[in-house]
Student: 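Can you read through this structure? Questions will come right after.
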Amino acid sequence: MGRLCMTDLVRSKRLAEDFELFSVADVNEAFEHITPLRYSQPIVVPTKSGAGDDSDVVVTAFSAGHSIGGSVWTIQKDTETVLYAVDFNHVKEQHLSSTALLTRGGRVAESMTRPTVLITDAYNALVQVPRRKERDSQLIDMIRKTTKEGGNVLIPTDTSARVLELAYQLENAALGESTRVAVVGRCARQVM
C-alpha cells in the first residue's frame with residue numbers, strides 16, 4: 001500500500017506542478033530496501049560499533065489507526081526513547097482499530113509512556129469531529145438523496161489510506177441496486 005500511495009503521489013504532483021524532487025523509479029528503488037515489520041516487533045539497527053552491543057538502536061512500529069500499515073514508532077538507544085506519533089487515530093473505524101498508543105481504557109499504553117522525546121503534531125487539534133455514526137449517517141443520507149434525484153456523487157480521496165474505509169462503508173450501506181460505485185484512478189485496480 002505504501003508503494004502505491006507514494007507512486008500515486010509522485011504522479012499527481014507531476015501533473016499539478018513541476019515536481020522533480022524524486023521520481024516513481026526513486027520510489028520503487030526505495031521500497032526495494034524496506035524491511036517489512038509486524039506491529040510490536042522490535043528490530044535492532046546496528047550502529048557502527050557492531051551488532052549486539054548496548055549502543056544499538058531498537059525501532060518498534062505500533063498501529064497508528066489511521067490507515068493500513070500506518071504506524072507510530074518508538075526509537076530506543078541506551079536509556080533514551082523517542083516516540084514518533086504523527087497522524088494517528090484514537091477512534092476505531094469500521095475496518096481499522098484505533099491507535100496502539102491508547103489502551104481500551106483510554107490511557108497511554110505502558111510501552112509508550114514517559115518517552116524522553118515525543119514528536120507529534122497538532123494538525124487537527126482544534127477540529128470538532130462529529131461522532132462516527134453521525135458522520136457516516138450524514139454521508140450515506142446525502143449519497144442516497146443525491147442519487148435518488150438523479151445526481152452523481154464524487155468523493156475525492158487518497159489512493160490507499162481512506163479509500164478502503166470508504167469502500168467498506170459504501171458496501172455495507174445498502175444503497176440500492178440502482179446505485180453504482182466506481183473507483184477511478186491510476187492505482188484503483190491494485191488497491192481494490
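Hydrogens, waters and symmetry mates play no part in the numbers below; they use all other heavy atoms, side chains included.
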Student: Closer than 3.5 angstrom, by distance alone: can the side chain of Thr116 be matched with the main-chain N or O of Thr81 as a donor-acceptor pair?
Tutor: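 A pair under 3.5 Å: yes.
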Student: Give a yes or no on whether Val59 and Val117 share a hydrophobic cluster (residues Ile, Leu, Val, Met, Phe, Trp, Tyr; joining criterion: side-chain heavy atoms under 4.5 Å apart).
Tutor: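 Yes, it is one cluster - the side chains of Val59 and Val117 are joined through contacts under 4.5 Å.
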Student: Between Leu21 and Asp26, is any pair of side-chain heavy atoms under 4.5 Å apart?
Tutor: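 Heavy-atom side-chain distance check fails, nothing below 4.5 Å.
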Student: For a quick test of reading the model, state the closest non-hydrogen atom pair linking Asp87 to Asp121 and the distance between them.
Tutor: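 Residues Asp87 and Asp121, closest heavy atoms: N-OD1, 3.8 Å.
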Student: Nearest 0.5 angstrom please: Gln76 CD to Leu83 CG, how far?
Tutor: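 The CG atom of Leu83 is 10.0 Å from CD of Gln76, to the nearest 0.5 Å.
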Student: Do Phe88 and Leu118 sit in one hydrophobic cluster, given that two such residues count as connected whenever their side-chain heavy atoms are within less than 4.5 Å of each other, even indirectly?
Tutor: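 Yes; tracing contacts between hydrophobic side chains, which count when under 4.5 Å, links both residues.
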Student: With a 4.5 Å limit on heavy-atom distance, are the side chains of Leu170 and Ile143 in contact?
Tutor: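 Yes - at least one pair of side-chain heavy atoms lies under 4.5 Å apart.
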Student: Calculate, to the nearest 0.5 Å, the distance between atoms CD and CZ belonging to Gln169 and Arg135 respectively.
Tutor: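 Taking CD in Gln169 and CZ in Arg135, the distance rounds to 8.0 Å.
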Student: Is the backbone of Gly69 close enough, under 3.5 Å, to the side chain of Ser71 for a donor and an acceptor to pair up by distance?
Tutor: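 Yes; at least one donor-acceptor contact below 3.5 Å.
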Student: Is there a chain of hydrophobic side chains (I, L, V, M, F, W, Y, each step under 4.5 Å between heavy atoms) that links Trp73 to Val45?
Tutor: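 Per the 4.5 Å side-chain linkage, Trp73 and Val45 are co-clustered.
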Student: Measure the CE-NZ distance between Met6 and Lys13 for me, rounded to the nearest 0.5 Å.
Tutor: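 Going from CE on Met6 over to NZ on Lys13, the span is 10.0 Å.
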Student: More than 12 non-hydrogen atoms from neighbouring residues, nucleotides or ligands closer than 6.0 Å to CG on Asn152, yes or no?
Tutor: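 No.
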Student: Does Lys133 reach the side chain of Asp136, with side-chain heavy atoms less than 4.5 Å apart?
Tutor: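 Lys133 does not reach Asp136 side chain to side chain.
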Student: Do the side chain of Asn28 and the main chain of Ala25 share a donor and acceptor less than 3.5 angstrom apart?
Tutor: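 It does not hold such a pair.
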Student: For residues Tyr84 and Ile34: do they belong to one hydrophobic cluster (side chain heavy atoms under 4.5 Å, members Ile, Leu, Val, Met, Phe, Trp, Tyr)?
Tutor: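 Result: no, two separate clusters.
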Student: Give me the atom names and distance for the closest heavy-atom approach of Pro130 to Glu134.
Tutor: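 So the two residues come closest at CB-OE2, 3.9 Å.
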Student: Kindly compute the distance separating CG (Leu9) from CG (Leu4), expressed to the nearest 0.5 Å.
Tutor: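 Atom-to-atom, Leu9:CG and Leu4:CG are 12.5 Å apart.
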Student: Would you say Gln41 and Ile43 make side-chain contact, with heavy atoms under 4.5 Å?
Tutor: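 Side-chain contact under 4.5 Å: no.
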Student: Leu37 and Val72: same hydrophobic cluster, using ILVMFWY side-chain contacts below 4.5 Å?
Tutor: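 Different hydrophobic clusters.
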Student: Return yes if some donor-acceptor pair links the side-chain N/O of Thr120 with the main-chain N/O of Ala85 below 3.5 Å, else return no.
Tutor: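 Answer holds: yes.
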Student: Which heavy atom of Gly2 sits nearest to which heavy atom of Phe31, and what is that distance?
Tutor: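 Smallest interatomic distance, heavy atoms only, reads C-CZ, 3.3 Å.
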Student: What is the distance from atom CD1 of Ile155 to atom CG of Leu139, rounded to the nearest 0.5 Å?
Tutor: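 Between Ile155 CD1 and Leu139 CG, I get 5.0 Å after rounding to 0.5 Å.
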